Amino acid sequence: MSRVLVVDDEPQIRRALAINLHARGYQVDLAATGEEALQAAAEQPPDVVVLDLGLPGVSGLEVIEGLRGWTRIPIIVLSVREREADKVAALDAGADDYVTKPFGINELLARLRAAVRRATPTDEQVPVVQTPDFRVDLAAKQVVRNGREVRLTPTEWHLVELLVRNPGRLVSQRQLLQEVWGPQYREETNYLRVFIAQIRRKLEPDPARPRYFITEPGMGYRFHANDQPAAPD
């Protein structure tokens with residue numbers, strides 16, 4: 001059963017889509033704002049997102065950019081904006097499809113099915129990431145070190161997962177804070193320092209000289225599957 005996150009500030013559209021999707025066997029999560037959408041996606045990753053662009057607060061484009069920082073799940077834009085420039089901007093930001101309002105429910109459902117089909121397991125990231133010192137199983141949400149499971153808190157796991165799913169890429173402090181704690185915590189960098197230190201104590205051979213969870217001072221963090229000796233923080 002596929003999970004769909006519907007993001008729209010119009011209650012009647014959220015309600016109509018929820019009814020139609022439930023009737024066809026989909027699990028449905030609803031969000032009325034961009035902030036709610038990012039938090040919902042982080043807490044329970046959907047298989048596909050149906051997203052309005054004209055949201056209050058965090059815009060639809062910002063939601064696309066936020067999601068694309070850590071996931072490749074299909075995003076279908078559903079918007080009244082018909083200008084070519086708006087469509088190009090959404091697609092360039094990372095959307096997979098664009099449907100204009102008013103829309104036919106059957107067309108939207110067909111596009112949704114196609115998006116889910118395209119997101120096949122062969123296109124997805126390798127579910128197990130092996131390093132010289134530990135193994136991360138993204139599907140089982142498990143880390144094993146020296147043959148034993150490492151007990152991570154939900155927050156620690158969420159941070160590990162976000163970094164491991166973006167190997168070698170800089171993941172900004174703001175993005176990590178927003179995805180794990182929510183938009184209101186985007187400036188609380190002390191949270192990250194505390195939890196990254198805890199992760200290093202559990203996974204790094206020498207937490208004082210991290211090889212896998214690397215700090216980029218003032219910017220964010222990177223994960224390297226092949227150990228990369230770094231200077232102490």
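Computed from a prediction, not measured in an experiment: that's the story for all the values here.
- Using a 4.5 Å heavy-atom cutoff, the side chains of Asn20 and Leu108 are not in contact.
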**Report entry** Worked check of side chain to side chain contact (heavy atoms under 4.5 Å, CB included) between Phe223 and Thr131
**Finding:** CA-CA 11 Å; Phe223 170 76; Thr131 78; 3.9 Å; yes
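- Val99 and Val6 fall within the same hydrophobic cluster, defined by Ile, Leu, Val, Met, Phe, Trp and Tyr side-chain heavy atoms under 4.5 Å apart, directly or through other members.
- With rounding to the nearest 0.5 Å, the separation of CG in Leu162 from CH2 in Trp157 is 10.0 Å.
- The line from CD1 of Ile199 to CG of Leu159 is 4.5 Å long, rounded to the nearest 0.5 Å.
- The shortest non-hydrogen separation linking Ala115 to Ile76 is CB-CD1, 4.1 Å.
- When side chains are defined from C-beta on, Pro46 counts as touching Ile73, because their heavy atoms get closer than 4.5 Å.
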Report task. Go through the steps for Tyr212 and Asp133 under the test side chain to side chain contact (heavy atoms under 4.5 Å, CB included), then give the verdict. Result -> CA-CA 10 Å; Tyr212 304 104; Asp133 290 283; 2.3 Å; yes
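- Under the 4.5 Å side-chain criterion, counting only non-hydrogen atoms from C-beta, Val80 is not in contact with Leu53.
- Screening Val171, Asn166, Leu192 for a side chain to side chain contact (heavy atoms under 4.5 Å, CB included) involving Tyr221 leaves a single residue, Leu192.
- Of the residues Asp8, Leu30, Leu78, Val28, the one that meets the side chain to side chain contact (heavy atoms under 4.5 Å, CB included) test with Leu17 is Leu78.
- In this structure, Lys87 and Thr100 have side chains that are in contact, with non-hydrogen atoms separated by less than 4.5 Å.
- The two residues Val63 and Gly34 come nearest to each other via the heavy atoms CG2-CA, 3.5 Å.
- Listed by first and then second residue, the salt bridge (charged side-chain N to carboxylate O under 4.0 Å, His left out) pairs that reach into residues 141-155 are Lys141-Glu161, sequence neighbours excluded.
- Contact annotation: the side chain of Leu177 approaches that of Thr189 to within less than 4.5 Å [non-hydrogen atoms, C-beta and beyond].
- Scanning for side-chain contact (heavy atoms from CB on, under 4.5 Å) contacts around Pro154 gives an empty result, with sequence neighbours left out.
- Heavy atoms from other residues, nucleotides or ligands lying under 6.0 Å from CD of Gln12 number more than 12.
- Distance check: Phe195 CZ to Thr153 OG1 gives 5.5 Å after rounding to the nearest 0.5 Å.
- The cluster map of Ile, Leu, Val, Met, Phe, Trp and Tyr, joined by side-chain heavy atoms under 4.5 Å apart, puts Val116 and Val4 in the same cluster.
- Of all the heavy atoms in Leu5 and Ala31, the pair that sits closest is CD1-CB, 4.3 Å.
- The nearest pair of heavy atoms linking Leu51 to Gly60 is CD2-O, 3.4 Å.
- Among residue pairs with one or both ends in residues 31-62, none qualify as ring pair (Phe, Tyr, Trp, His ring centres under 6.0 Å); sequence neighbours excluded.
- You'll find the side chain of Val144 stays beyond 4.5 Å of the side chain of Asp137, heavy atoms only.
- The minimum heavy-atom distance linking Thr33 with Pro56 is given by the pair CG2-CG, 4.1 Å.
- To the nearest 0.5 Å, the span separating CD on Gln175 from CG on Leu170 amounts to 9.0 Å.
- Across Ser79 and Asp52, no two heavy atoms sit closer than the pair CA-OD1, 3.9 Å.
- With hydrogens and angles ignored, the 3.5 Å screen pairs no side-chain donor or acceptor of Glu204 with any backbone N or O of Arg209.
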Report task. Could you check Leu112 against Leu21 for side chain to side chain contact (heavy atoms under 4.5 Å, CB included), going step by step and ending with a plain yes or no? Result -> CA-CA 10 Å; Leu112 190 149; Leu21 291 168; 4.0 Å; yes
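- Under a 3.5 Å cut-off, the side chain of Arg3 and the backbone N or O of Asp47 do not form any donor-acceptor pair.
- Salt-bridge check for Arg68 with Asp96: passed, with a basic side-chain N closer than 4.0 Å to an acidic carboxylate O.
- By the salt bridge (charged side-chain N to carboxylate O under 4.0 Å, His left out) test, Glu43 is found to be paired with no residue, residues two or more places apart in sequence or in another chain being considered.
- At a threshold of 4.5 Å between side-chain heavy atoms, the hydrophobic network of Ile, Leu, Val, Met, Phe, Trp and Tyr places Val49 and Leu91 in two separate groups.
- Between Ile196 and Leu163 there is a side-chain heavy-atom pair separated by less than 4.5 Å.
- Within the model, atoms CH2 of Trp181 and NE2 of His158 stand 9.5 Å from one another, a figure rounded to the nearest 0.5 Å.
- The backbone N or O of Phe213 lies less than 3.5 Å from a partner atom in the side chain of Arg200, making a donor-acceptor pair.
- Rounding to the nearest 0.5 angstrom, the gap separating the CD atom in Glu65 from the CG atom in Leu38 is 10.5 Å.
- The ring pair (Phe, Tyr, Trp, His ring centres under 6.0 Å) pairs that include a residue from residues 81-106 number zero, where partners must be two or more places apart or lie in different chains.
- Evaluation of the salt bridge (charged side-chain N to carboxylate O under 4.0 Å, His left out) test over residues 166-182, restricted to residues two or more places apart or in two chains, returns Arg174-Glu187.
- Under the 4.5 Å side-chain heavy-atom criterion for grouping Ile, Leu, Val, Met, Phe, Trp and Tyr, Leu61 is connected to Val58 within one hydrophobic cluster.
- For the salt bridge (Lys or Arg N to Asp or Glu O under 4.0 Å) test with Lys101, the passing option among Glu107, Glu10, Glu82 is Glu10; the others fail.
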